[in-house]
Peer 1: 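Dumping the structure here so I can ask a few things about it.
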Amino acid sequence: MTRLAQTAGLNDIQREILSTVRDFVDKEIIPVATQLEHRDEYPTEIVEGLKELGLFGLMIPEEYGGLGESLLTYALCVEEIARGWMSVSGIINTHFIVAYMLKQHGTQEQKDTFLPRMALGEVRGAFSMSEPALGSDVSAISSKGVKDGDEYVLNGQKMWLTNGGTSTLVAVLARSDEGHPEGTAPHKSMTTFLVEKEPGFGEVRPGLTIPGKIDKMGYKGVDTTELIMEDLRIPANRVLGGTTGRGFYQMMDGVEVGRVNVAARGCGVAQRAFELGVSYAQQRHTFGKPIAQHQAIQFKLAEMATKVEAAHAMMVNAARKKDSGERNDLEAGMAKYLASEYCKEVVEDAFRIHGGYGFSKEYEIERLYREAPMLLIGEGTAEIQKMIIGRRLLEEYRFQG
């Protein structure tokens with residue numbers, strides 16, 4: 001075994017892509033990640049490098065200029081990138097979700113307009129569901145789009161928008177009662193609107209304001225923002241798929257693959273924490289020998305490595321299930337839940353191995369310790385994942401009495 005989290009059954013192209021990404025992470029991300037993170041600085045040069053590697057178009061079909069790769073390939077690349085710096089994987093993830101939603105649900109005109117430029121990274125995607133007064137309760141969304149001739153007028157406030165400042169295309173979920181009479185179930189009266197904008201902060205187009213970056217405990221570098229719509233007008237042909245009332249299902253499809261992505265991020269961060277812990281344990285001496293030779297530390301390393309392997313295996317299984325065309329909400333929920341929980345535990349064990357030095361900003365583990373908690377809530381909390389898992393299990397194991 002050369003290292004943890006190896007994946008069986010990959011073809012030559014997948015192995016070559018992963019090797020290229022891993023080299024890029026080792027040379028271009030890890031050496032600068034902590035410095036950029038402490039300054040909360042957007043990693044412009046790293047993003048340009050990812051564009052050159054073609055990663056913004058990794059899953060976009062070849063006919064639109066992408067690489068046409070699988071979700072598994074994408075997830076394994078995310079795992080490598082998160083191992084270097086989780087914020088960089090977040091920059092790609094929201095872009096990827098919007099591209100996936102366009103590929104799966106967009107009209108031909110929408111695909112032709114956006115996907116070729118998204119594959120090049122010229123158009124950068126973000127998606128927006130959450131609002132200040134709600135978290136995982138998507139049915140409580142109050143932002144609204146009202147038909148006015150050949151346009152829709154959007155009003156509302158959105159929250160926790162990753163890539164809010166740097167993106168140029170935002171998929172926004174809002175209510176659209178037109179064609180959906182009063183009393184219609186909330187999830188059947190929601191629409192995804194494709195909102196084009198300029199990058200930056202402030203008023204980025206008439207009626208659309210990105211106030212500024214939210215100051216966060218971790219997950220720095222990437223811009224997380226609010227989005228405020230005040231009589232924002234967009235053409236009717238920017239309704240995703242061309243039909244209102246399908247937004248909830250489109251977003252959930254995107255979030256489902258996003259959960260595989262979050263699981264991959266958890267695997268990557270946990271791998272890096274293990275690498276840091278096992279390396280430090282062999283360098284640090286107490287009582288006349290490296291602390292790695294103390295049984296207590298060996299137990300920690302054993303537990304950490306086992307968790308890394310288990311999380312990776314579940315993430316790979318969820319990605320392969322989605323690639324097969326089968327329903328994978330159960331597998332994606334399990335993978336996201338397990339990987340994020342195990343990531344937190346592995347990072348904390350690595351932090352403990354570092355002792356007092358783990359509390360110093362000089363050591364990389366301090367950054368990982370602040371980053372891991374975001375995975376516990378991103379793309380749905382642990383409680384939401386357990387609700388999804390429980391409901392699906394009851395469908396599969398329905399009592400026949």
Side-chain angles (χ1 to χ4, degrees), residues 29 33 36-37 39-51 53 55-60 66 74 77-78 81-82 84-103 114-115 117-131 143 157-173 192-205 208-216 218-229 232 238 240 250-251 254-255 257-259 261-262 264-265 371 374-375 377-379:
I29 297 182
L36 291 174
E37 197 271 349
R39 296 203 301 256
D40 198 6
E41 181 177 329
Y42 188 81
T44 302
E45 291 186 12
I46 292 173
V47 170
E48 289 302 313
L50 295 176
K51 286 167 65 175
L53 292 178
L55 290 190
F56 281 93
L58 191 62
M59 280 189 66
I60 294 175
Y74 175 79
C77 287
V78 166
I81 293 168
W85 185 13
M86 191 184 73
S87 293
V88 178
S89 64
I91 292 169
I92 297 175
N93 180 41
T94 53
H95 174 89
F96 150 71
I97 289 177
V98 176
Y100 174 84
M101 290 168 62
L102 275 163
K103 181 185 74 169
F114 295 114
L115 288 180
R117 291 185 292 154
M118 293 187 81
L120 295 173
E122 294 174 356
V123 169
R124 300 264 284 284
F127 80 106
S128 181
M129 287 195 303
S130 187
E131 297 184 357
S143 295
Q157 184 177 2
K158 311 298 282 187
M159 191 70 176
W160 305 118
L161 179 64
T162 301
N163 289 335
T166 49
S167 60
T168 54
L169 177 66
V170 184
V172 177
L173 186 64
T192 304
F193 296 93
L194 300 172
V195 179
E196 298 172 81
K197 71 176 189 65
E198 293 297 318
F201 300 98
E203 190 173 49
V204 291
R205 65 173 284 177
L208 181 64
T209 300
I210 306 293
K213 294 169 64 173
I214 297 170
D215 194 16
K216 309 182 295 289
Y219 198 41
K220 293 180 178 289
V222 60
D223 47 293
T224 305
T225 73
E226 298 176 69
L227 179 148
I228 301 172
M229 301 176 290
L232 168 65
R238 289 299 173 256
L240 180 61
Q250 294 163 348
M251 281 280 180
V255 167
V257 292
R259 284 177 179 143
N261 174 287
V262 173
R265 286 199 248 179
E371 289 179 338
M374 198 285 290
L375 298 172
I377 55 177
E379 311 293 9

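Just so it is clear, the model here is predicted, and its values are computed rather than measured. Throughout, numbering of the chain's residues begins at 1 and tracks the sequence.
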Peer 1: How long is the gap from NZ on K51 to CZ on R124, to the nearest 0.5 Å?
Peer 2: 6.0 Å
Peer 1: With side chain to side chain contact (heavy atoms under 4.5 Å, CB included) as the test, pick out the partner of P43 among L50, I29, V88.
Peer 2: V88
Peer 1: Identify, with sequence neighbours excluded, every residue that meets side chain to side chain contact (heavy atoms under 4.5 Å, CB included) alongside V204.
Peer 2: K197, L208, I210
Peer 1: I'd like to check the side-chain hydrogen bond (donor to acceptor under 3.5 Å, both in side chains) partners of E122; sequence neighbours left out, ordered by chain and number.
Peer 2: none
Peer 1: Ignoring hydrogens, what is the shortest heavy-atom contact between M59 and K103? Give both atom names and the distance.
Peer 2: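 What the structure gives for the nearest pair is O-NZ, 3.8 Å.
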Peer 1: Got a second to check how far F193's CZ is from L232's CG, nearest 0.5 Å?
Peer 2: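 Spacing of CZ (F193) from CG (L232) equals 10.0 Å.
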Peer 1: List for me each residue that meets salt bridge (charged side-chain N to carboxylate O under 4.0 Å, His left out) alongside E226, sequence neighbours excluded, and say none if there are none.
Peer 2: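 Result, salt bridge (charged side-chain N to carboxylate O under 4.0 Å, His left out) vs E226: none returned.
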Peer 1: Who passes side-chain hydrogen bond (donor to acceptor under 3.5 Å, both in side chains) against N93, sequence neighbours left out?
Peer 2: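 With sequence neighbours excluded, N93 shows a side-chain hydrogen bond (donor to acceptor under 3.5 Å, both in side chains) to N261, E379, given in chain and number order.
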Peer 1: Would a 4.5 Å heavy-atom cut-off, applied to side chains only, mark T162 and Y219 as touching?
Peer 2: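 Yes, close enough: below the 4.5 Å cut-off.
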Peer 1: Looking only at heavy atoms, what is the nearest atom pair of I228 and P211, with distance?
Peer 2: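 Shortest heavy-atom contact: CD1-CG, 3.8 Å.
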Peer 1: Between C77 and L58, is the side chain to side chain contact (heavy atoms under 4.5 Å, CB included) condition met? List the steps.
Peer 2: CA-CA 9 Å; C77 287; L58 191 62; 3.9 Å; yes
Peer 1: Looking at every heavy atom in both G164 and T225, which two are closest together, and how far apart are they?
Peer 2: CA-OG1, 3.3 Å
Peer 1: Test side chain to side chain contact (heavy atoms under 4.5 Å, CB included) on L169 and M118; report intermediate values, then the result.
Peer 2: CA-CA 9 Å; L169 177 66; M118 293 187 81; 4.2 Å; yes
Peer 1: Any side-chain heavy atom of P199 sitting closer than 4.5 Å to one from T166?
Peer 2: no
Peer 1: Considering all heavy atoms of both residues, which atom of L115 and which atom of L102 are nearest to each other, and what is their separation?
Peer 2: CD2-CB, 4.1 Å
Peer 1: Nearest 0.5 angstrom please: M129 CE to M251 CE, how far?
Peer 2: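 Here the rounded value is 6.5 Å.
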Peer 1: Mind checking what makes salt bridge (charged side-chain N to carboxylate O under 4.0 Å, His left out) contact with R238, not counting sequence neighbours?
Peer 2: E109, E196
Peer 1: Looking only at non-hydrogen atoms, find the nearest pair between L194 and A171 and report the distance.
Peer 2: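 Reported closest heavy-atom pair: CD2-CB, 4.4 Å.
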Peer 1: Under the side-chain hydrogen bond (donor to acceptor under 3.5 Å, both in side chains) test, which residues partner S89, sequence neighbours left out?
Peer 2: none
Peer 1: Taking the side chain as C-beta and beyond, is there a heavy-atom pair between I81 and L55 under 4.5 Å?
Peer 2: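 I81 vs L55: side chains touch.
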Peer 1: Please evaluate residues F96 and V78 with respect to the criterion side chain to side chain contact (heavy atoms under 4.5 Å, CB included), reporting the C-alpha separation (whole Å), side-chain torsions for both, the decisive distance (0.1 Å), and the verdict.
Peer 2: CA-CA 11 Å; F96 150 71; V78 166; over 6 Å; no
Peer 1: Can you name the residues that form a side chain to side chain contact (heavy atoms under 4.5 Å, CB included) with S128, not counting sequence neighbours?
Peer 2: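 Checked S128 against side chain to side chain contact (heavy atoms under 4.5 Å, CB included); matches are K158, L161, V170, V172.
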Peer 1: Which residues pass the ring-ring contact (aromatic ring centres under 6.0 Å, His included) test with F56, not counting sequence neighbours?
Peer 2: H95
Peer 1: Can you list the residues that meet the side chain to side chain contact (heavy atoms under 4.5 Å, CB included) rule with E198, with sequence neighbours excluded?
Peer 2: none
Peer 1: Using a 4.5 Å cut-off on heavy atoms from C-beta on, say whether the side chain of D223 contacts that of F201.
Peer 2: yes
Peer 1: For F127, check ring-ring contact (aromatic ring centres under 6.0 Å, His included) against everything at least two apart and list the hits.
Peer 2: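 None.
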Peer 1: Tell me, with the steps shown, if M101 and T192 meet side chain to side chain contact (heavy atoms under 4.5 Å, CB included).
Peer 2: CA-CA 10 Å; M101 290 168 62; T192 304; 4.0 Å; yes
Peer 1: Is it true that the side chains of E131 and S143 contain a donor and an acceptor less than 3.5 Å apart?
Peer 2: yes
Peer 1: Taking side chain to side chain contact (heavy atoms under 4.5 Å, CB included) as the definition, give me every residue that meets it alongside E41, ordered by chain and number, with sequence neighbours left out.
Peer 2: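 For E41, the residues satisfying side chain to side chain contact (heavy atoms under 4.5 Å, CB included) (neighbours in sequence not counted) are L36, R39.
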Peer 1: My understanding is that only residues two or more places apart in sequence, or in another chain, count here; which of them pass side-chain hydrogen bond (donor to acceptor under 3.5 Å, both in side chains) with T224?
Peer 2: K216
